[in-house]
Amino acid sequence: MSELLAPAGNIESLDAAIGEGADAVYLGLKSFNARLRTSNFAWNQFEAAVNSVHRQGKKIYVTLNTVCEERETERLYRLLSYLDRIGPDGLIVQDFGIIRLCQQFFPNLELHASTQMNIESASAANLLHKEGLSRVVVARELGLEEVKYIKEHTKAEIEMFVHGALCVSESGLCLFSSFLGGKSANRGMCTQACRRYYTAEYPEGIKQGYYFSPCDMQLIEQIPELMQIGVDSFKIEGRMKSAEYVGSVVSAYRYVMDHWQEDKKGAIATGKRMLAGNFARTKTSYWYGFKSMEEGVDNAGQKILNPNQAGGTGIFLGTISNTKKAPDELIEELKKTQDPTQPVVHIQMATLKGGNYDPDPGDSIRLHKADDTGRMSHKIKSVEVEEDGKRWIDIPTTFHVGDSVYLLQIKAMSKRYNRVLPNDLSKFRKQPLDEELPVLDLTPVQKNELSYFPEGIYVQVSTISDVFAAQGLHPVRMIIELNKTTRDDLIKGKTVLPVSKKTIYISLNPYCPAAVEEETASDLELLIQNGYTNFVVNNVAHIGILKDKKVNMIAGPYLYTFNRWAVSWLENQNIGAFVMPYENSRRNLEQTFEESVRARVLVPVFAYPALFRMRFKMPSDYGFTYFTDKEGTEFKLASSNDGSVVMPELPFSLLDKTEFLAQAGFKRILVDFSNTIVNKSSVKDISNSLFKKQVLPDVTRFNWKDGFYNPQQIEEYKASNERAAAARMAQQAGRTPPSKPSYGRNKNYKNSSKKNGKKR
C-alpha cells in the first residue's frame, strides 16, 4: 500500500494531516531546510511530535534539504547527532555532505534523497541506494512511464509529489533567486523569481505578464495508475500553506487511495469535489499524458505556464490600501486564544482594494509582501464594516499598504482536529549539544594524479563551431557540452576538431531523466570507444553510468560542493577534480579547499549562468528573447530541443581576479560560453581582461564577494552595530557599559585539538 505523506509547516497543519489520515508527515526545524520562511518546529515541539506520531503508528520525516557551507558543518554535525537521539523515521537530504557525515557518524539515521538532489533516473537511484539511501524523491518533471521505468529498475523506494506548487526550473537547478541577492533556493531562501511580473520585448512591442509562473500540480486522477506501478509514497507539497489546505487535500487523496479499487471513476470524482474548495492556482498534470519525451518537450510549457495568471496562491482579494490599530479587546482576545507554543502574532486592521470578494471571520487568507520578502497565512478573527460599506479585517502587523492578500479557505471549510502534541511539553528537553566535529582532510594530490587536469584556461562551449572561435583564448582544455547540436559531431566525428580528444572534456546535461537514461549510457559508451576519456558529470546518474569505466570524472558545478564533506563523498565515487558551483563565495571556496588540495579545483571566472533550466520549449506565443524585471534588470531566454534556459544579460565575471586566484592556489580557471555564441569581439574582450588586466564593464560578481544571504549574520551584524553605538554613547557620557558575552565564530567553530576524520 502506498504511503500518503503530508506537509506539517506548523502544529495546526500537523493536527490536520494526522486527523485526515496521512500515513506520514514531513516537517522542518529552524535551519537546513528548504522552507525557512515557515514557522517550523522548536526542539521540544519536534521531540513531542516524534513521540506522539509514533504512538499513533504514523511516521515523521525531517527536511534537511539544503546545501551547507563549510563553516556550518559543525552546527550540522550537532543537529544530526540530536536527530540521531530523537529518532525520526527519515531525513530528506540534498547535500552530499550530510550523506558522508551520516555514513561515518550516524549510520542509524535513514536517509531519503530530496527532489532538490535532482534524481530522475534509475541510475541515480541505484547509486544512492548503494550508498545507503533507502528512498529517492524523484523530480517533478517526469511522466508516468518514466516513474514506472525507475520503479522497475531500482530497489530504492520511490516518493513523488502529487499535489501542490511546482518549480518552473528543473529540480535543484534554479539559481535565479540566488542571483538576485544571495537568497538561494538551494538554501531554503527562494524568493520565487518565477512568480514575478516581467516586461518582455516582442517584435510587435512591449508586453507584460507572469511568464514563468507555473500552475499547481494535481495528480489525483493518476493516483490509481501510480499505485498500480508501485510508487511507495505520494507527497503533498505545502509546508507554507494553511492547516485547512493541508486537511482538505489530505482528505481528498486519502479518499481516492482507499476507494479507487471499488469504484475508480466515482472515487476520483469525489476526490476532485473535495479539492474544489481550495482556492489555489490553475491545476496541471504537467508531464502526464504525453506519448513521448519529444511530445513533452514540445507541449509541457503550454500545460504549466499561463502569463495571465498572477503568481500568488488563492483568489485575489486585493492589495492593502490602509491600516490602523486593532481594537484593544480584539488584541486581548487573540492573546487568550493563541497557541503558547507558536510565535506571537501581532495584529492590526486593514482595508483592501482591487478584489471581488469580501472575506469573513474564519476565512483563511495569505499575505504576500510587495517586494517578495515574506509571506504568511492568517485566519481572520474580526471584520468591521463602516456605514459607507468600508470593511476592515485583522491582519499581521508585519504587512503594509501595497502588499497583496489572497483567499485560501472560507470558514465553511474549516475543521477542528484533535491535537497531536500533548499540552505539557516540559518533559521534552533534548537539544543539540556543544559537540566538536572531527577534522576531515581531503585526499592529498598524488604525483601525476592530475595529469589530465593541467593548470591554465579552460573554455566551455555549446556548439562545435564555437570550439574554433574560442581558440583565441589559448585554452589548455576545451569543454564541449553533449547536446542535440553536438552529439552527431562528437560521436560520428563529422568535423575535424582543432584540438586532440585527450584535451577535450565532454560536459553532460545536469538533467538526466529516465527517458534519455539508456540513450545517455549508450552515447557515453560510444564516446569512450572513440577515445574521449574526460567527462564533466553534473548528475548522480552520470556517476552511476561512468563509475566503473576507465575515464576521468570531474564534478561539474551542479554537483554542489559547498563543504569538504560533500567533496569527500564525491571523492569516494572516484572523482578527483571539481568545478566550483556558480553560487559559491570566495570565503567558502577557500574554507572548503585548503591550499594543499586547490589543484583539484576549476574556478569559473566568466559565464552567463543558467538561472532557470526548463525541461520544455517555451509556448509558441512566447515570441521574445529579452525581458526585464521591475528593477529594470535584463535577462534573456533561449529555447531549443534540449529545453529552455533563462540567463542574465550581464555576465558573471571574475576575470580581473585571476591573478589573486593564482596566488591563492587556484590556477585552473573556466571561461564558460554555455548557451551563448562565441564571437571575435567577446574573445578579444575576455582576452584583454585576462592578459592585460582590463576590468570588463557591466558585469556581476554573483555571490563571490558577499556569499549567501544569511539572516542570522544580518541580525548579528545589526546587534554588533548597536553594541558599538552604545559603547560610543557610553564613552561620550564618561562611563563604560557592562560587557556582554560573545557568541562569535571562535566559540561556535573550533579548529584545534580535534581528531582526524576518515578520509575515503
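The shown structure was predicted, so the numbers you read here are calculated from the model rather than taken from an experiment.
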When rounded to the nearest 0.5 angstrom, what is the spacing between CG in Leu64 and CD in Gln94? 11.0 Å

Are Phe176 and Phe212 close enough that their ring centers fall under 6.0 Å? no

So do the side chains of Val646 and Met614 get within less than 4.5 Å of each other, counting heavy atoms only? yes

Within the structure provided, determine whether Leu80 and Leu91 are in side-chain contact (heavy-atom separation under 4.5 Å). yes

Between Ser689 and Gln694, is there a donor-acceptor pair closer than 3.5 Å when you use the side chain of the first and the backbone of the second? yes

Heavy atoms of other groups near Leu526 CG, more than 12 under 6.0 Å: yes

Compute the centroid of each ring, for Phe708 and then for Phe562, and state whether the two points are separated by less than 6.0 Å. yes

What's the shortest heavy-atom distance between Ser653 and Leu696, and which atoms? OG-CD1, 4.1 Å

For Ala566 and Asn563, the nearest pair of non-hydrogen atoms, with its separation, is N-OD1, 2.8 Å

Would a distance-only check, ignoring hydrogens and angles, find a side-chain to backbone donor-acceptor pair under 3.5 Å from Thr520 to Val516? yes

Steps toward side chain to side chain contact (heavy atoms under 4.5 Å, CB included) verdict (Met117, Ile99): CA-CA 12 Å; Met117 199 178 278; Ile99 301 177; 3.9 Å; yes

Is the shortest heavy-atom distance from the side chain of Leu508 to the side chain of Leu546 under 4.5 Å? yes

Holding to ring-ring contact (aromatic ring centres under 6.0 Å, His included), I want the full list of residues that pass it with Phe453, two or more places apart in sequence or in another chain. Tyr458

Value for CD1 (Ile506) from OG1 (Thr533), rounded to nearest 0.5 Å, stands at 9.5 Å

Sub-3.5 Å donor-acceptor pair from the side chain of Gln103 to the main-chain atoms of Glu131, do we have one? yes

Apply the test salt bridge (charged side-chain N to carboxylate O under 4.0 Å, His left out) to residues Glu571 and Arg100: give CA-CA distance (whole Å), side-chain angles for both, the deciding distance (0.1 Å), then the verdict. CA-CA 11 Å; Glu571 280 185 341; Arg100 181 71 176 80; over 6 Å; no

CZ (Phe578) and CG (Leu559) are apart, to the nearest 0.5 Å, by 10.0 Å

Here the gap from Asn675 atom CG to Ser640 atom OG, rounded to the nearest 0.5 Å, amounts to 8.0 Å

Heavy atoms of other groups near Lys501 NZ, more than 12 under 6.0 Å: yes

How close do Asn483 and Ser462 get, heavy atom to heavy atom, and via which atoms? ND2-O, 3.0 Å

Got a donor-acceptor contact below 3.5 angstrom from the Arg564 side chain to the Gln591 backbone? yes

Quick one: do Trp704 and Met580 satisfy side chain to side chain contact (heavy atoms under 4.5 Å, CB included)? Show the steps, please. CA-CA 11 Å; Trp704 177 253; Met580 184 192 82; 3.8 Å; yes

Using only atom types and a distance under 3.5 Å, with no angle test, would you say the side chain of Asp489 pairs donor to acceptor with the backbone of Thr495? yes

Could you tell me whether the side chain of Arg477 reaches within less than 4.5 Å of the side chain of Leu602, counting heavy atoms only? no

When you measure from the side chain of Asn118 to the backbone N and O of Gly172, does any donor-acceptor pair fall under 3.5 Å? no

Look only at the side chain of Thr63 and the backbone of Ile92, and say whether a donor-acceptor pair between them is shorter than 3.5 Å. no

Nearest 0.5 angstrom please: Thr592 OG1 to Arg598 CZ, how far? 9.5 Å

Atom OG of Ser171 and atom CG of Leu173: how far apart are they, to the nearest 0.5 Å? 7.5 Å

Side chain to side chain contact (heavy atoms under 4.5 Å, CB included) assessment of Phe660 paired with Leu654: CA-CA 10 Å; Phe660 156 77; Leu654 301 175; over 6 Å; no

Does a side-chain N-to-carboxylate-O contact under 4.0 Å join Arg587 and Glu70? no

Short N-O contact, Asp629 and Arg196, less than 4.0 angstrom: no

Check ion pair Arg613-Glu141 (N to O, under 4.0 angstrom): no

Can you confirm whether Lys693 is buried at NZ, in the sense that more than 12 heavy atoms of other residues, nucleotides or ligands lie under 6.0 Å from that atom? yes

Where the side chain of Asn539 meets the backbone of Pro510, is there a donor-acceptor pair that is under 3.5 Å apart? yes

Ser121 and Ser123: side-chain donor and acceptor closer than 3.5 Å? no

Would the Phe106 and Tyr77 ring centres measure less than 6.0 Å apart? yes

If we ignore hydrogens and angles and just use 3.5 Å, is the side chain of Asn534 paired with the main-chain N or O of Lys502 as donor and acceptor? yes

Any donor-acceptor pair under 3.5 Å from Asn703 side chain to Glu583 backbone: yes

Identify the two heavy atoms, one from Glu74 and one from Glu436, that lie closest to each other, and give their separation to 0.1 Å. OE2-CA, 3.4 Å

Assign the ring pair Phe702 / Phe652 to parallel, tilted or perpendicular, where the plane angle (0 to 90°) is split at 30° and 60°. perpendicular

Salt bridge present between Asp95 and Arg187 (N-O < 4.0 angstrom): no

What's the verdict on side chain to side chain contact (heavy atoms under 4.5 Å, CB included) for Ser507 and Glu481, showing C-alpha distance, side-chain angles and the deciding distance? CA-CA 5 Å; Ser507 179; Glu481 294 179 2; 4.3 Å; yes

Shortest non-hydrogen contact from Leu175 toward Asn186: CD2-ND2, 4.3 Å

Report yes or no: is the cationic atom of Lys636 (NZ for Lys, CZ for Arg) closer than 6.0 Å to the six-membered ring centre of Tyr608, at no more than 45° off its axis? yes

Does the pair Glu120/Arg615 count as a salt bridge with the N-to-O cut at 4.0 Å? no

Please report the C-alpha distance between Asp466 and Thr463 in whole Å, then the side-chain angles of each, then the deciding distance to 0.1 Å, and finally whether the side chain to side chain donor-acceptor pair (under 3.5 Å) criterion is met. CA-CA 5 Å; Asp466 286 340; Thr463 69; 2.9 Å; yes

Counting heavy atoms not belonging to Glu634, are there more than 12 under 6.0 Å from its CD? yes

Do the ring planes of Tyr452 and Tyr505 sit parallel (below 30°), tilted (30 to 60°) or perpendicular (above 60°)? tilted

Could you pull out the closest heavy-atom pair between Ser674 and Gln460, with the gap in Å? OG-NE2, 3.1 Å

Thr443 versus Val597: any side-chain heavy-atom pair under 4.5 Å? no

State, yes or no, whether a side-chain contact exists between Leu473 and Phe606 at a heavy-atom distance under 4.5 Å. no

If you define the side chain from C-beta out and look only at heavy atoms, does anything of Leu482 sit under 4.5 Å from Leu527? yes

Side-chain contact test, heavy atoms from C-beta onward, threshold under 4.5 Å: evaluate it for Phe179 versus Thr700 and give yes or no. yes

